[in-house]
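Structure record follows, encoded as structure tokens.
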Amino acid sequence: MFRFSTIKDYHTTLQNGQTTCVEAVRCYLGSIKERPQLNAFLEVYETEALERAAALDQERQQGKALGKLHGVVVGLKDVISYKGHAVSAASHILENFTAVYNATAVEKLLAEGAIIIGRQNCDEFAMGSSNENSAFGPVRNAIDESRVPGGSSGGSAVAVQAGLCMISLGSDTGGSVRQPADFCGVVGLKPTYGRVSRYGLIAYASSFDQIGIFAGSVEDAALALEVIAGADDFDSTVSPREVPAYSAELAAPDKRYRIAYFKEALEHPGLDPAIRASVEAFIKKLTDQGHTVTAIDFELLEYVVPTYYVLTTAEASSNLSRFDGVKYGYRADIAGGDLTELYKASRSEGFGKEVQRRIMLGTFVLSAGYFDAYFTKAQQVRQILHQRTRAIFTEFDAIISPTVPATAFRIGEKSNDPVEMFLADIYTVFANLVGIPGISLPLFKHPNGLPFGLQVMTSHFDEVSLLRLSRQLTAIPG
Ligand code: GLN
């Protein structure tokens, strides 16, 4: 009988002959079919996944060395290229596009024996916080189907939450892995900018984007990171630093950490009082366990969301200029030979409303008359944030905060208020602005019955401390 807890346990049961990769894949295919209304997958690679599982079972039975992710059933957010398979960024503009190469992260997964089960729904071009911006319909939160799963990697979060795969890869530009992980009650890890190659990831804002991991446990996230991280000739922004054996590092003895939190974050008027109370009670437990937890001033908090939205929309307006109806993707059917009209019609018909809004915002902040007032200013704020962050990490090992100021809202509840939706990113965008790693740990349950998470962040490339501390925190009794 197949039942999943962790990858390590799964491997033990495979080796004992208690289950097979085929049985695991069948089980997930069955679960996906049972709940189609979740809309987590845009496509399921049924035959292919079963064939690969059978081949892996055979290799194992022949005594071949097993990959680190042998038989691990993985889902990919629909912004990550998998050769020969559609990749659409949940947009009509790329609806019929097929990936011509593998993302480096996918290449690495496959080399370690992973089975890719399908392509997961998300907000169009990863722009959103609720998964309501997909051209292929919203994703539903498995704990309450009237609610959003968060975004933009909503399908990837729900797939792990509802047991539709073992782990998922998503992307996190301003919280798109951590925020849906919070709403769905799973682990969501965003590595340091430059830890994982972005080759084959459809770009939203290139100086922010990072591939991240959804998992049921810190252990599984650590193992997956160990596989997908590392230098890549195809992405010059990836660090050549050696990749630690994150999963083995987790076995290190417990440590006492110097933890900081931003006073302004916990005192924020937009923070749900029950979330604040849970985080405060948790801080008390941390100090009881011998960690030092210090409140520090972070007067820059009110600038992070505006700075993020100026810079990411600017980068998006540039990145998305390649979708013009000429080179690839959707082309409007217009009469006459006017090229500008073709661009206009293809982009107006192909892109959804939120993507159009962001392209326009980005074009505006980059325009000659406003460049200094918005773009340059935002770059300066980003620089100040960097300096402040470096200073904080000379005194502290980690920063904690709620991941999101509220729990999962109802589908449609915030659709008409983009600014309110943007403000919900207040705790997550900071890590992307400065490039540090962050994780959302599913530690809490709200009085309304919904899960929510604690965010932990550490210094650049200190995923070892991030994961070790996370393992310790998840072991603290509730
Ligand atoms: N919610 C944020 C946005 O809409 C984050 C998106 C992301 O991380 N891809 O930009």
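Order of listing sets the numbers, starting from 1, for every ligand and every atom in it.
- Salt bridge annotation for Arg119-Glu43: present, with a cationic side-chain nitrogen under 4.0 angstrom from a carboxylate oxygen.
- Between Ala40 and Leu164 the shortest heavy-atom distance is CB-CD1, 4.1 Å.
- Protein residues with any heavy atom under 4.0 Å from ligand 1: Ala126, Met127, Gly128, Ser129, Ser152, Asp172, Thr173, Gly174, Gly175, Ser176, Tyr204, Tyr308, Tyr309, Arg358, Asp425.
- The residues Glu395 and Arg258 are annotated as not salt-bridged, no charged nitrogen and carboxylate oxygen being separated by less than 4.0 angstrom.
- Salt-bridge check for Glu112 with Lys108: failed, with every basic side-chain N at 4.0 Å or more from each acidic carboxylate O.
- In this pair, Phe298 and Phe262 present their aromatic rings parallel. The plane angle is below 30°, not in the 30 to 60° band.
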Step-by-step ring pair (Phe, Tyr, Trp, His ring centres under 6.0 Å) determination, Phe323 to Tyr330: CA-CA 8 Å; Phe323 305 104; Tyr330 176 80; over 10 Å; no
